[in-house]
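Reviewing the structure listed below.
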2 protein chains.
Amino acid sequence: MATLSDVARRAGVSPATASRVINGSSKPVTDELRERVLQAVAELQYVPNAHAQLLARSHRGPVGVIVHDVSDPYFSEITRGLQRVATDQGRLLMICNSYRDPDRELEYVELLRGHQVAAIILAGSGYHDAEFIRLLNGKLAAYEATGGRVAVIGRHEHSGDAVMPDNRRGAWLLGQEMCRLGHERIGVVAGPRVLTTTTDRLTGLREALAEHGRRLPADRVRYAEFDRDSGAAATAALLDAEPGLTAIAALNDSMAIGALSLLRSRAVSVPEQVSVFGFDDMPLARDVTPTLTTIRLPLVEMGARAMALALDAGDGSPRVESLAAELVRRDSSGPPPG
Amino acid sequence: MATLSDVARRAGVSPATASRVINGSSKPVTDELRERVLQAVAELQYVPNAHAQLLARSHRGPVGVIVHDVSDPYFSEITRGLQRVATDQGRLLMICNSYRDPDRELEYVELLRGHQVAAIILAGSGYHDAEFIRLLNGKLAAYEATGGRVAVIGRHEHSGDAVMPDNRRGAWLLGQEMCRLGHERIGVVAGPRVLTTTTDRLTGLREALAEHGRRLPADRVRYAEFDRDSGAAATAALLDAEPGLTAIAALNDSMAIGALSLLRSRAVSVPEQVSVFGFDDMPLARDVTPTLTTIRLPLVEMGARAMALALDAGDGSPRVESLAAELVRRDSSGPPPG
DNA sequence: AGGTGCCAGGTAAGCGCTTTCCCGCCCAGA
DNA sequence: TCTGGGCGGGAAAGCGCTTACCTGGCACCT
């Protein structure tokens with residue numbers, strides 16, 4: 001691999017001069033030397049060693065992102081927002097998938113810290129696990145203590161900058177809508193119990209139902225993984241236990257789609273017999289049949305805001321941006337009564 | 001940020017010793033010193049500076065991946081495969097989205113080279129652009145000349161290791177199936193002209209049709225972006241120009257889903273009036289209505305194989321793994337005749 | 001002509017780590 | 001008691017780059 005000295009030697013200048021022309025230092029260099037250096041760079045196909053550069057300037061480079069799984073549409077939308085802002089500012093992203101393993105998340109924080117990333121962004125639901133939170137906060141604090149920046153998306157654990165989708169309010173809207181449509185017997189396909197997203201959404205839903213004097217018995221809530229197939233399985237269990245359900249609220253769209261698919265396989269018509277509600281409004285919610293009534297979260301926007309927070313130091317006081325959720329009525333919930 | 005010297009000082013040992021215990025060198029260290037060092041590491045929350053490490057050993061670290069867009073399911077599936085193998089081998093991935101911009105792709109190659117990645121994986125269709133290919137090959141050659149490894153997925157340009165989905169054969173299967181089902185008037189929603197994927201698939205399709213004595217006039221092929229909305233628009237154009245079409249082949253699933261959505265909005269029933277075919281078999285092909293008949297590509301497998309190739313040096317001779325495509329019959333193509 | 005500034009360019013000191021080489025110690029053998 | 005070998009530990013030389021600091025030469029002034 002050609003080094004800066006190779007370039008300098010070939011151009012007949014000192015490494016200092018070569019360095020100056022290569023990264024456009026403020027120090028002026030005569031056109032002639034500049035030309036020779038550029039020539040040498042081209043001939044040797046020289047590319048500066050990024051590690052050496054980062055070591056020498058003590059300037060931090062890329063931004064680290066920890067998500068549960070980029071191939072999950074929820075996260076790919078967020079990532080798209082992150083990317084957009086990062087790219088605008090000429091930052092490279094290092095994306096790490098924790099696959100919902102808290103330990104891996106911890107490891108990645110260390111790893112990113114070691115890579116001197118300018119900021120770490122944690123996206124996706126947090127966990128109900130005091131020990132984990134303690135460890136995570138410890139590591140993040142150590143990172144921030146040395147000038148690193150941290151922003152989280154949809155997590156309560158961290159006390160610094162955060163972008164928070166209003167899960168609770170969104171779920172409340174969902175509950176309101178279900179009551180408005182006259183549903184009494186409601187089943188809920190929830191996400192993993194350990195995730196705060198699950199409990200936030202469940203809380204909002206319960207609040208709305210309570211306002212209408214309805215309760216949500218424990219056996220009407222099934223906890224499952226946040227994916228399609230688990231959603232289908234949970235729906236099956238719900239239906240088996242309580243055949244009279246008129247509505248199923250899945251706490252994310254993937255699971256709602258699983259529910260739809262299961263209902264179809266059992267020849268239960270949606271929305272005539274059972275209404276289905278999702279959460280997140282992923283792009284494909286428009287493409288399933290019937291189209292999915294759901295709560296829209298501005299995912300791309302959330303990513304963009306988080307990156308903006310992470311890259312802008314601010315005055316040190318924690319900034320929390322709450323983004324509103326919105327009800328999107330489509331066909332899976334049927335027409336309004338009357 | 002705590003450094004190795006800080007740790008050494010605190011433990012009362014030399015940096016050399018500290019380094020040895022921290023990364024388990026072969027050189028033995030007494031238990032007592034080891035203990036003191038570990039203690040200091042914990043107290044200082046020390047994390048080695050990855051850049052300094054990479055500089056000092058001249059060992060290359062992470063693997064660079066260049067895709068068109070991770071939030072496109074096609075690439076997120078591939079990425080999942082890449083991740084799996086990379087994680088197994090303890091490698092970090094640097095994922096770069098080119099957003100289908102060849103220039104950005106070129107930039108990313110340089111950038112990854114500068115970051116001393118152990119390998120570069122280029123995923124996604126190549127371009128029909130001689131100048132671009134020349135430049136790209138130049139940069140890749142420079143990288144490989146210094147020991148870097150390169151693997152491509154679905155690209156003809158590169159002469160080294162490659163994983164190739166059999167697009168042409170897949171499209172041929174599609175064409176066969178369309179003929180078998182008796183379609184005469186076929187419209188094609190193709191991807192961007194500049195992509196080799198588009199031309200490969202078109203070629204395979206034409207071959208199959210030709211075997212049955214059918215031609216595909218130029219005005220029956222509409223070129224669009226590989227996304228849902230472009231697919232819908234192209235379908236509209238196709239239908240307007242030729243209302244008698246009985247089948248629409250979209251060259252990827254996203255576009256096919258766009259086509260489905262447009263047909264629904266025009267109250268054209270699928271498959272009764274028009275059959276729709278996709279390509280790739282993305283997960284959501286099962287969830288749209290009607291479910292999508294498509295050509296399955298083993299995307300995750302492709303990613304995994306590519307990473308395996310990239311991480312295993314081999315004997316230097318180029319290895320090309322061709323992965324078979326497979327027809328998946330679902331509802332959008334209707335029942336077989338008779 | 002000698003002095004004063006400037007400015008292009010070079011010299012060298014790190015950035016934080018790994019690793020080679022060397023040193024001093026201890027124990028076995030004579 | 002002396003020597004040789006082995007072994008744990010430290011000193012120091014880089015890895016490839018940036019940058020503060022210095023130098024030498026020129027133009028301009030007095």
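A, B, ... follow the sequence lines: proteins, then strands. Residue 1 opens every chain.
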- Side chain of A:Arg113, backbone of B:Asn49: donor and acceptor closer than 3.5 Å? no
- Task: For the residue pair B:Ser14 and B:Thr17, confirm or rule out a side-chain donor-acceptor distance under 3.5 Å.
- Result: yes
- Would you kindly give the CG-to-C1' distance between A:Asn23 and D:dT19, to the nearest whole Å? 11 Å
- Item | Check ion pair B:Asp227-B:Arg100 (N to O, under 4.0 angstrom) | no
- Query: Hey, can you pull the residues of residues 42-57 of chain B with a non-hydrogen atom under 4.0 angstrom from DNA chain D?
  - Reply: B:Leu55, B:Ala56
- Message: For A:Ser98 and A:Arg104, which I'm curious about, is there any donor-acceptor pair between the side chains at under 3.5 Å?
- Response: no
- Task: Please check the phosphate of D:dC17 (OP1 and OP2 only) for any side-chain N or O of A:Ser19 closer than 4.0 Å.
- Result: no
- Please give, in whole Å, the distance from C:dA12 P to A:Leu4 CG? 17 Å
- Query: Can you name the residues that form a side-chain hydrogen bond (donor to acceptor under 3.5 Å, both in side chains) with B:Arg134, not counting sequence neighbours?
  - Reply: B:Glu131
- Message: Please give me every residue in residues 26-38 of chain B whose heavy atoms get under 4.0 Å of an atom in DNA chain D, ordered by residue number.
- Response: B:Lys27, B:Pro28, B:Val29, B:Thr30, B:Leu33
- If you take atom types as modelled and just measure distance, does the side chain of B:Arg20 reach the base of D:dG10 with a donor-acceptor pair under 3.5 Å? yes
- Minimal heavy-atom distance between A:Arg91 and A:Ala118, with the atoms involved, is NH1-CB, 3.4 Å
- Message: Any side-chain N or O of B:Thr3 below 4.0 angstrom from OP1/OP2 of C:dG16?
- Response: no
- Item | Geometric class of the B:His51/A:His51 ring pair [parallel <30°, tilted 30-60°, perpendicular >60°] | tilted
- Message: Under 6.0 Å between ring centres: does that hold for A:His68 and A:Tyr99?
- Response: no
